[in-house]
Structure formats: C-alpha cells, structure tokens
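Below: one structure, written as structure tokens.
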Amino acid sequence: MARVFVTRQLPGPALERLSQTHETTVWPESLPPTYEQLRNQAADSDALLTLLSDRVDAALIAAAPRLKVIANYAVGFDNIDVDAATARGIAVGNTPDALTEATADLAFALLMSAARRITEAAQSARQGLWKTWEPTGFLGADVYGATLGIIGLGRIGQAMARRGQGFGMELLTTETRDSSNLEHLLSRADFVSLHLPLTPGTHHLIGERELALMKPTAILINTSRGGVVDQVALARALSTGQIGGAALDVTDPEPLPPSDPLWQAPNLLVVPHIGSATWTARERMAEIAVANVLAGLEGAPLPYQVPTQAGS
Ligand code: DGY
C-alpha cells in the first residue's frame, strides 16, 4: 500500500476508491494545509493530490524522497514546479476536459452579468430601491451583435467561442501574446475574455499598455489565472474610465484581501474562483485526479499528464 496525501475533501465517491487501495490521508480542515504542513505530509508520501491553491515548489519536492506522482485537482498547474518534478522523475497530472463547459459557462455568465449589470440591479431590488419602472435604470451593453475577443484558444477558449456564436456575437480570437492579432483584438472587442494558462510568458499579459488599447466601454473577463492581469493597472483603468468594466473569477492573490485597492474600483464584479464549481465537473475532476494518482503509483503513464511532461 502506498501513502497518498490529499489536501482537501473532494465531492463524489472517487476518494473512497482511492482509500480502498492505498493508505490515504485527507486533510480534514476547511482551510488548506500551510506550506509547512504540506511539506511535512509530503515528506513520507508516495503521491500527493493537490489543489490549485497548494504550492508545490522545488524545495517541497526535494523534501519528498518517496514521491512518484502529483495529481493536481485543476486544469491549471502553475502552482507546481513541473521542471523540478520532471527532474526527479515524478509524474504530474491535471484534470482537463472535465471542467471545460462549466468554466466557459461561468465566463459567459460573467460577461452577461457585467453587460446587463445583473448583480447591481438585484442588490438594488433587494434593498427596496425598486420604486418604479425606470427608462434609464441600469442601462447596460448589448451582447447580441457585440464583438467578443477571446485570448487563448484551448478547450475553454473554444467553448467560450461557441457560446459567443450562439448569442450572435462577432468573434475575434488570438492564441498568444506575440500574435499581431492581440492589438487588433484589444482595440476592437467589446468584451475581452482571457483563457490562457499562467506561465512566465503570460504573466501580466494584460497590463497598462493593453488596457489602454481597449475601448472605454469594453469589459474584461478573466476566468484563467489572476496573474495574467496586472491588477494595479486594472484598478487604475477602471477608476479612470479607461475601460468599461471587469468581471473576474480569479485574482492575484486568492483570496483577494479586503484591503486590496482593486476592491475600490468601480464597475467591477469578482466571484471567488468558481469556474469549475458544478457538481458534475468537480466530481469528474476528482475521478481524473484519482486515476492519475493510481496510474502514477503503478509507474504507468497518467491518463492526464500535464502537457509539458506529455510532450504536447
Ligand atoms: C482550474 O482547474 O485550473 C480552474 O481554475 C478551476 O476552476
């Protein structure tokens, strides 16, 4: 029996299956283990099942001599030093596919909410401020016929594109930072939606210069990783009216501390990283993460090995 440490209870039956075949410890708290607690657990574990909020860096990997596999419960794996793991022959897995549609749904829900000011309007109604039908109340932006700019055309970006098409939007897309399309997209889009992994190349991809290219009415949507956007520049762009609004599922750091100046910015909607938060997606993610652990412990290729290890 191998030793597996799981950093949080997960929905669905997958963990039960894991604990039938391996000595499985599931972190019982509602808040994650600290870095030190995770390192201590990793020290005598053969496998780790981690969340996107768990930092698995080179030092932690070095302190885990038995480790064979790290299965991240997320499609993103920027929390893991994959190079350090690869150098030690440790397989790293993620959970793509399972959350594609759920995350694209959330991105589109953010787009709709920001365009039509749904949270503001609902809050106002609940506060008893709904006095009459108001010709100029909560006027927002049209979605039909508007231009949706999608940056990052992986699974989730493509799923977002399908939603945009279904709503009669014009699409502009670009894959990478270097693409000459990026400036064109930023200056033309009414909505800009980010679907890129966080890497050194995409860190602060959307900064002062990029925000300045956007229309004053444009809305930025981010369901990828907070670090893709320079939040100081974003707060400024919102406060000065350089862009029309932002709707974020992800921030840097997470959670965004109450004192963060971004909270003071107008026309901002933030939700607490719920892109994949449907029962189906989260249970399927658990199934995949467990399958990755089991394969890694057997020394077999992981069903979902991260692209940088799988060579794609
Ligand atoms: C992921 O899996 O990387 C998502 O951000 C989770 O919502």
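Indexing begins at 1, ligand by ligand and atom by atom, following the structure's order. Quick caveat: nothing in here was measured; it's all calculated off a predicted structure.
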Presence of salt bridge, [Y] and [X], under 4.0 angstrom:
X	Y	value
Arg225	Asp252	no
Arg3	Asp46	no
Glu120	Arg117	yes

Which ligand 1 atoms, with their elements, are less than 4.0 angstrom from a heavy-atom of [X]?
X	value
Arg225	1 (C), 3 (O), 4 (C), 5 (O)
Ser276	6 (C), 7 (O)
Ala74	1 (C), 2 (O), 3 (O)
His273	4 (C), 5 (O), 6 (C), 7 (O)

If you measure from each non-hydrogen atom of Leu52 to ligand 1, which part falls under 4.0 Å: side chain, backbone, both or neither?
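Near ligand 1, Leu52 shows its side chain, while the N, CA, C and O stay back.
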
Heavy-atom distances under 4.0 Å decide this one: backbone, side chain, both or neither, for Leu99 against ligand 1?
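It is the side chain that touches ligand 1; the backbone stays farther off.
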
Nearest-contact summary for atom 1 (C) of ligand 1 - protein heavy atom, Å:
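Atom 1 (C) of ligand 1 sits closest to the protein heavy atom Val75 N, 3.4 Å.
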
Applying salt bridge (charged side-chain N to carboxylate O under 4.0 Å, His left out), which residue pairs with at least one partner in residues 79-99 are found, sequence neighbours left out?
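Pairs touching residues 79-99 that pass the test: Asp97-Arg155.
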
Per the ring pair (Phe, Tyr, Trp, His ring centres under 6.0 Å) rule, what does the pair list look like for residues 115-149, sequence neighbours excluded?
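Of all non-adjacent pairs touching residues 115-149, none passes ring pair (Phe, Tyr, Trp, His ring centres under 6.0 Å).
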
Cation over ring, Arg55 on Tyr35, under 6.0 Å and within 45°?
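Judged by the rule, Arg55 and Tyr35 form a cation-pi pair.
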
